[in-house]
Amino acid sequence: VRLWRWRHPQGRIVHRADGWASLYGRRAGRVRDQEQVRVMRAADVVVFQSAWASNRSPYTPRVSRVIHNPVDLVAFSPVGPLAPLPPWEGPRVAVVAWSLNIKKGGLRAHRLALGYPEVQFVFCGRFDAQIQAAPNIVRAGMLDTGALAATLRACDVLLTFAEDEACPNHVLEAL
């Protein structure tokens, strides 16, 4: 950051702060948080994705704004194609996570799925290898916007066990 500022003295630095590694239990979280604070100190403006992230910040920037993540309301609507999921006679539950972080709740959702074999659980995004195969579990994997929207439409319920999140995008997208 200092090198960039030296090379571009008229330039402005805008830093988007997503969250704090130590809050999410990431290894080396404290070191990552200290790095982020150093970038925040050098930035002209810090943009937080939520008021929660701003309030939990270990550093108060000189200038900051909260700009929430947008949702594509054309793609994520009740009208549109349904994902071609395996045939199922019971309810379907979507579980969405893009991070392997333990606080995203993937393992809790997996344990619930194993306890309810009459319900199909569709795991969209990134999930730990510990999530075992079962007849009622579909691992949809990483999906683009259209495929995620179609999968959410094909499910009856969204389940999330995410901790320390103000309102994750997948909740808004499922709505």
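- Residues Phe123 and Gly106 come closest through the heavy atom pair CE2-O, 4.0 Å.
- Applying the salt bridge (charged side-chain N to carboxylate O under 4.0 Å, His left out) test to pairs two or more places apart or on separate chains, none has a residue in residues 108-121.
- No side-chain heavy atom of Arg16 sits less than 4.5 Å from a side-chain heavy atom of Val14.
- Proximity of Val45 to Arg12: side-chain heavy atoms (C-beta onward) are nowhere separated by under 4.5 Å.
- For CH2 of Trp6, the number of neighbouring non-hydrogen atoms (other residues, nucleotides, ligands) closer than 6.0 Å is 12 at most.
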May I have the list of side-chain donor-acceptor pairs in residues 131-150 shorter than 3.5 Å, sequence neighbours left out?
unit_1 : atom_1 : unit_2 : atom_2 : d
Asn136 : ND2    : Ala113 : O      : 2.9
Asn136 : ND2    : Tyr116 : O      : 3.1
Asn136 : ND2    : Val119 : O      : 2.9
Arg139 : NH1    : Ile131 : O      : 2.9
Arg139 : NH2    : Phe127 : O      : 3.3
Asp144 : OD1    : Gly146 : N      : 3.2
Asp144 : OD1    : Ala147 : N      : 2.8

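- Hydrophobic clustering, with ILVMFWY side chains joined whenever heavy atoms are under 4.5 angstrom apart, keeps Val122 apart from Leu82.
- Here the closest non-hydrogen pair linking His170 and Thr160 is NE2-OG1, 3.1 Å.
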For residues 86-94, tabulate all N or O donor-acceptor pairs below 3.5 Å that involve a side-chain atom, not counting sequence neighbours.
unit_1 : atom_1 : unit_2 : atom_2 : d
Trp88  : NE1    : Pro91  : O      : 3.4
Arg92  : NE     : Gln120 : OE1    : 2.3
Arg92  : NH2    : Pro86  : O      : 2.4

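- Two different hydrophobic clusters hold Val46 and Ile67 under the rule that ILVMFWY side chains link at heavy-atom gaps under 4.5 Å.
- Side-chain contact check for Leu100 versus Lys104: every heavy-atom pair is 4.5 Å or farther apart.
- Residue Leu107 is grouped with residue Phe121 when hydrophobic side chains (ILVMFWY) are merged at heavy-atom distances under 4.5 angstrom, including chains of intermediate members.
- When every heavy atom of Pro117 is checked against every heavy atom of Leu114, the shortest pair comes out as CD-O, 4.2 Å.
- Under the 4.5 Å side-chain contact rule for hydrophobic residues, Leu172 and Trp98 share a cluster.
- No side-chain heavy atom of His15 sits under 4.5 Å from any side-chain heavy atom of Pro61.
- For residues 53-73, no residue pair satisfies the salt bridge (charged side-chain N to carboxylate O under 4.0 Å, His left out) rule, not counting sequence neighbours.
- Side-chain heavy atoms closer than 4.5 Å link hydrophobic residues (I, L, V, M, F, W, Y) into clusters, and following such links, possibly through other members, connects Val71 to Val96.
- Take Asp44 and apply the salt bridge (charged side-chain N to carboxylate O under 4.0 Å, His left out) test, not counting sequence neighbours, and it matches Arg5.
- Of all the heavy atoms in Leu85 and Ala154, the pair that sits closest is CD1-CB, 3.8 Å.
- In terms of the side chain to side chain contact (heavy atoms under 4.5 Å, CB included) criterion, residue partners of Val1 (sequence neighbours excluded) are, by chain and number, Ile13, Val39, Ala42.
- Counting only heavy atoms from C-beta outward, the side chains of Leu112 and Phe161 approach each other to under 4.5 Å.
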